[in-house]
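In what follows, every chain begins at residue 1, and chains take the letters A, B, ... in the order their sequences are listed. Predicted, not measured: the structure shown is a model, and the values here were computed from it.
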2 protein chains.
Amino acid sequence: MSLHLRPGQALKLWHDSVLDLVHLDESGLTVRQLSILLTVYLELPPHTVRGVAQKLKVTKPVITRALDSLGRLELVARRRDPADKRNVLIQRTVKGALFVEKLGDFMVSRAQTLPS
Amino acid sequence: MSLHLRPGQALKLWHDSVLDLVHLDESGLTVRQLSILLTVYLELPPHTVRGVAQKLKVTKPVITRALDSLGRLELVARRRDPADKRNVLIQRTVKGALFVEKLGDFMVSRAQTLPS
DNA sequence: CTCGATTGTTACGCAACCGATATAGTGCAG
DNA sequence: CTGCACTATATCGGTTGCGTAACAATCGAG
């Protein structure tokens with residue numbers, strides 16, 4: 001089952017959800033950082049700097065710096081890969097999980113108030 | 001008709017769309033700037049600095065600076081309100097309209113590929 | 001006309017981000 | 001063991017964003 005959405009509905013949904021996010025004020029976030037966060041919490045582990053960089057099509061330093069920021073906010077954590085110590089595994093945190101969950105709730109809630 | 005969406009679906013939809021936006025690389029954008037952009041293009045004019053600031057619950061300088069950036073990108077334009085010259089009216093541009101339209105298309109397209 | 005209120009902008013000091021490059025640590029083939 | 005490939009991070013100069021506070025322009029009541 002594919003979800004049918006008209007452009008106007010889609011944009012309003014995005015707008016409303018982003019507005020909720022801004023109000024949450026945990027929102028010094030960049031679009032890139034948000035993208036990294038969602039990738040880590042929605043896609044299957046393990047996540048490495050290189051892997052995420054490829055997915056977003058940005059350079060590795062961009063990811064490193066974003067992880068610094070997200071780490072400061074305790075939304076993700078870093079751990080060396082014991083198997084290959086060159087790798088850094090990006091891990092989820094309780095705070096990050098709650099944050100992403102809240103984002104999902106916002107969007108679900110906003111979707112219900114969309115005009116037909 | 002309200003749109004039914006499960007949290008998992010909603011988050012994946014957000015993730016996929018944001019990823020498209022990042023790839024678009026017009027993506028030095030802040031979440032706040034994106035929020036302003038969508039507000040200007042989805043809500044009924046006129047839009048003033050003060051009005052948008054209230055809606056996002058941020059201070060006016062934040063809006064002024066965001067408009068500087070968005071203006072540099074030609075995604076919005078500014079015009080003095082002839083009726084009350086203290087006001088600045090935030091106006092849409094061709095480039096901005098195309099950009100927002102693309103965002104909507106991304107999201108619609110992504111919605112169709114969501115798992116049930 | 002005048003003065004207080006309102007609008008948007010600018011100035012300042014600080015922190016964060018960017019791209020590009022250089023570097024340190026690790027793995028692995030030979 | 002040696003050298004090369006690969007991972008992530010650190011460093012550099014420059015740009016941009018932030019919050020707070022001061023500011024100029026404009027309106028409108030009295």
Side-chain angles (χ1 to χ4, degrees), chain A residues 18-19 21-40 45-92, chain B residues 18-19 21-40 45-92:
Chain A
V18 165
L19 205 55
L21 172 56
V22 169
H23 288 162
L24 204 57
D25 129 307
E26 199 94 44
S27 144
L29 292 183
T30 293
V31 172
R32 280 184 188 170
Q33 292 171 343
L34 179 61
S35 167
I36 294 172
L37 193 65
L38 289 172
T39 295
V40 169
H47 301 286
T48 67
V49 172
R50 170 179 165 76
V52 175
Q54 282 182 329
K55 175 156 288 273
L56 301 207
K57 295 177 185 164
V58 297
T59 61
K60 288 187 289 180
V62 169
I63 305 299
T64 293
R65 284 187 294 251
L67 292 181
D68 289 343
S69 306
L70 294 174
R72 250 176 267 132
L73 297 172
E74 297 177 79
L75 295 177
V76 300
R78 273 190 271 214
R79 207 189 86 204
R80 277 279 162 200
D81 182 350
D84 184 339
K85 291 179 192 156
R86 289 174 302 178
N87 290 333
V88 160
L89 302 178
I90 309 171
Q91 303 198 297
R92 304 171 185 174
Chain B
V18 166
L19 206 55
L21 173 56
V22 168
H23 288 161
L24 205 56
D25 134 300
E26 199 95 45
S27 144
L29 292 183
T30 292
V31 171
R32 279 182 188 170
Q33 292 171 343
L34 178 62
S35 167
I36 293 172
L37 192 67
L38 288 173
T39 295
V40 168
H47 300 285
T48 67
V49 172
R50 169 178 167 75
V52 175
Q54 282 182 330
K55 174 157 288 275
L56 301 208
K57 295 178 186 164
V58 298
T59 61
K60 288 186 292 179
V62 168
I63 304 299
T64 293
R65 284 187 293 249
L67 291 180
D68 289 343
S69 306
L70 294 174
R72 250 176 268 133
L73 297 171
E74 298 178 78
L75 296 177
V76 300
R78 272 189 272 215
R79 206 188 87 205
R80 279 280 163 198
D81 182 352
D84 183 341
K85 290 177 193 157
R86 289 174 302 177
N87 290 333
V88 161
L89 302 178
I90 308 170
Q91 304 199 296
R92 304 172 185 172

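Taking a heavy-atom distance under 4.0 Å as the criterion, the stretch of DNA chain D touched by chain B extends 5' to 3' from dT16(D) to dC27(D).
Straight-line distance from the CZ atom of Arg32(B) to the P atom of dC17(C): 13 Å, rounded to whole Å. Atom CZ in Arg65(B) sits about 11 Å away from atom P in dT10(C), given to the nearest Å. Atom pair Lys85(A):NZ and dG25(C):P shows a separation of 13 Å (rounding to whole Å applied). For Leu56(A) and dC18(C), the CG to P distance is 11 Å, given to the nearest whole Å. One can place NZ of Lys57(A) at 15 Å from P of dG19(C), the figure rounded to the nearest angstrom.
Of the two residues contacting DNA chain C, namely Arg80(A) and Asp68(B), the nearest-nucleotide position lying further toward the 5' end is that of Asp68(B). The residue among Ala83(A) and Arg72(A) whose nearest nucleotide of DNA chain C lies closer to the 5′ end is Arg72(A).
Each of dT10(C), dA5(C), dT21(C) was ranked by its minimum atom distance to the side chain of Pro61(A); first place goes to dT21(C). In the set dG25(C), dT7(C), dT9(C), the nucleotide with an atom closest to the side chain of Asn87(B) is dT7(C).
For dT9(C), one of the phosphate oxygens OP1 or OP2 lies less than 4.0 angstrom from a side-chain nitrogen or oxygen of Arg78(B). Residue Ser69(A) has no polar side-chain atom (N or O) positioned under 4.0 Å from OP1 or OP2 of dA16(C).
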Kindly indicate, with the supporting measurements, whether the criterion side-chain contact (heavy atoms from CB on, under 4.5 Å) is fulfilled by Ile63(B) and Lys55(B). CA-CA 11 Å; Ile63(B) 304 299; Lys55(B) 174 157 288 275; over 6 Å; no
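If you check every strand for non-hydrogen atoms under 4.0 Å, Arg50(B) touches sugar and phosphate atoms only.
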